[in-house]
Amino acid sequence: MSSKKPRLPPGQRLTRRFPILQAGNIPKIQIKDWRLKIHGEVEKPLTLTYDELISLPSSRITCDIHCVTSWSKFDTVWEGVPFKEIIKLVQPRPNVKFVIFECADLGGQFTTNVPLDVLLDEDALLAYKYDDKPLETAHGGPVRGLVPKRYFYKSAKWIIGLKFVIEDEPGYWEMRGYSNTADPWKEERYSR
Ligand SMILES: Nc1nc2c(c(=O)[nH]1)N[C@H]1C(S)=C(S)[C@@H](COP(=O)(O)O)O[C@H]1N2
Ligand SMILES: [Mo]
């Protein structure tokens, strides 16, 4: 008997395409105008330009992604700054438990919330390349969050802010019936 974990989470279908999904319109952000404001409960708040971000230590990872609408895509290749590097720079206060990803779309109203411990994993990135090319606008460029261990709505496109918080703040989809924890392996699609 094999106890090997299947590669496709429960209820998912494999796609070879890369669907483009967002709640509103795709915002246009010029790299020269892009800023990432890192704030909240941190010792050293910081605003990064694109050049400053890409000069930080980076990693290139291959991972599978899983959308709550039930498509999964295997072996996606990303490059970006591991979230851990951001933590080193800003030094969250000891009681910080969540990070709110703040995005440029929906007039700045799209957010998603991720527990800090999930972002300590090596595969949690601020991604600026996909398939070894600059991240396309449609997929969240210049920079998006990548949190492959959660459904893909936790991977925020067009990020412009990271807010470190003590109390959880459910984001756009999390307030609209989707799971706050969003673990594809437990099939946590909807909130109860
Ligand atoms: N800023 C922002 N990020 C977002 C979304 C969004 O509407 N706005 N949608 C989420 C959802 S539901 C999914 S499935 C993925 C889709 O990413 P993709 O278009 O690169 O496939 O982005 C996530 N991140
Ligand atoms: Mo999604």
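Computed from a predicted model, the values in this text were never measured in an experiment.
When all heavy atoms of A138 and W158 are compared, the pair lying nearest together is O-CZ2, 3.9 Å. In terms of heavy-atom proximity, A156 sits nearest to T112 at CB-CG2, 3.9 Å. Listed here is the closest heavy atom pair of G171 and N113: N-OD1, 3.2 Å. Counting all heavy atoms, side chain and backbone alike, Y151 lies closest to C67 at CD2-C, 3.9 Å. Contact record, G80 with Y128: CA-CE2, 3.6 Å, taken as the closest heavy-atom pair. The shortest heavy-atom contact between V118 and A124 is O-CB, 4.1 Å.
From R150, atom CZ reaches atom CD1 of I65 across 15.5 Å, with rounding to the nearest 0.5 Å. Between atom CG of residue L46 and atom NE2 of residue H39 there is a gap of 11.5 Å, rounded to the nearest 0.5 Å. In this structure, E41 CD and R93 CZ are separated by 5.0 Å, a value rounded to the nearest 0.5 Å. The OG1 atom of T111 sits 9.5 Å away from atom CG of L106, with the distance rounded to the nearest 0.5 Å. Considering CZ of F74 and OG1 of T15, their distance stands at 11.0 Å, rounded to 0.5 Å. Taken from CH2 in W78 to CG in L135, the straight-line distance is 6.0 Å, to the nearest 0.5 Å.
Contact annotation: the side chain of D123 approaches that of P148 to within less than 4.5 Å [non-hydrogen atoms, C-beta and beyond]. Contact of the L120 side chain with the I87 side chain is registered, since non-hydrogen atoms from C-beta on lie closer than 4.5 Å. Side-chain contact between L146 and I61: present, with at least one pair of heavy atoms (C-beta onward) separated by less than 4.5 Å. In this structure the side chain of S70 reaches within 4.5 angstrom of the side chain of R189, judged on heavy atoms. At least one side-chain heavy atom of F101 sits less than 4.5 Å from a side-chain heavy atom of L126. Residues L48 and L56 have side chains in contact (heavy-atom distance under 4.5 Å, counting atoms from C-beta outward). Two residues are said to be in side-chain contact when any heavy atoms from C-beta on lie closer than 4.5 Å; K97 and L116 fail this criterion. Between L36 and Y50, every side-chain heavy-atom pair lies at or beyond the 4.5 Å cut-off.
Other residues, nucleotides and ligands contribute only 12 or fewer heavy atoms inside 6.0 Å of the CZ atom of R60. Within 6.0 Å of atom CG in D117, more than 12 heavy atoms from other residues, nucleotides or ligands are found, so the atom counts as buried in its surroundings. The 12-atom threshold is exceeded at NZ of K73, counting heavy atoms of other residues, nucleotides or ligands nearer than 6.0 Å. When the shell of 6.0 Å around CD of E167 is examined, it contains 12 or fewer heavy atoms from other residues, nucleotides or ligands.
Residue pairs meeting the salt bridge (charged side-chain N to carboxylate O under 4.0 Å, His left out) criterion with at least one member in residues 10-19: none, sequence neighbours excluded.
In this structure, V165 is not a member of the same hydrophobic cluster as V90, with clusters built from ILVMFWY side-chain heavy atoms closer than 4.5 Å. Y153 and V114 are not part of a single hydrophobic cluster, where members link through side-chain heavy atoms under 4.5 Å apart. Hydrophobic cluster membership differs between V147 and F98, with clusters built from Ile, Leu, Val, Met, Phe, Trp and Tyr side chains linked at under 4.5 angstrom. Both V68 and Y172 are assigned to one and the same hydrophobic cluster, defined by single-linkage of ILVMFWY side chains at heavy-atom distances under 4.5 Å. Both I86 and I159 are members of a single hydrophobic cluster when ILVMFWY side chains are connected at heavy-atom separations under 4.5 Å.
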D64/H66 under side-chain contact (heavy atoms from CB on, under 4.5 Å): CA gap, chis, key distance, verdict: CA-CA 7 Å; D64 301 344; H66 311 293; 3.9 Å; yes
field: Chi angles and distances behind the side-chain hydrogen bond (donor to acceptor under 3.5 Å, both in side chains) call for S191, E174
entry: CA-CA 8 Å; S191 50; E174 293 83 357; over 6 Å; no
- request: Could you go through the side-chain contact (heavy atoms from CB on, under 4.5 Å) check for W34 and L53 one step at a time?
  value: CA-CA 11 Å; W34 182 84; L53 181 83; 4.1 Å; yes
query: Step by step, would you call H139 with I20 a side-chain contact (heavy atoms from CB on, under 4.5 Å)?
result: CA-CA 7 Å; H139 286 297; I20 292 168; 3.5 Å; yes
task: Would you sort out whether Y178 and K154 count as a side-chain contact (heavy atoms from CB on, under 4.5 Å), showing the intermediate values?
output: CA-CA 11 Å; Y178 287 90; K154 295 284 187 181; over 6 Å; no
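I38 pairs with exactly one of T47, L162, V99, L89 by the side chain to side chain contact (heavy atoms under 4.5 Å, CB included) rule, that one being L162.
Judged purely by atom type and a 3.5 angstrom limit, Q12 uses its side chain to pair as donor or acceptor with the backbone of W71.
A ring-centre distance under 6.0 Å is found for F18 and Y130.
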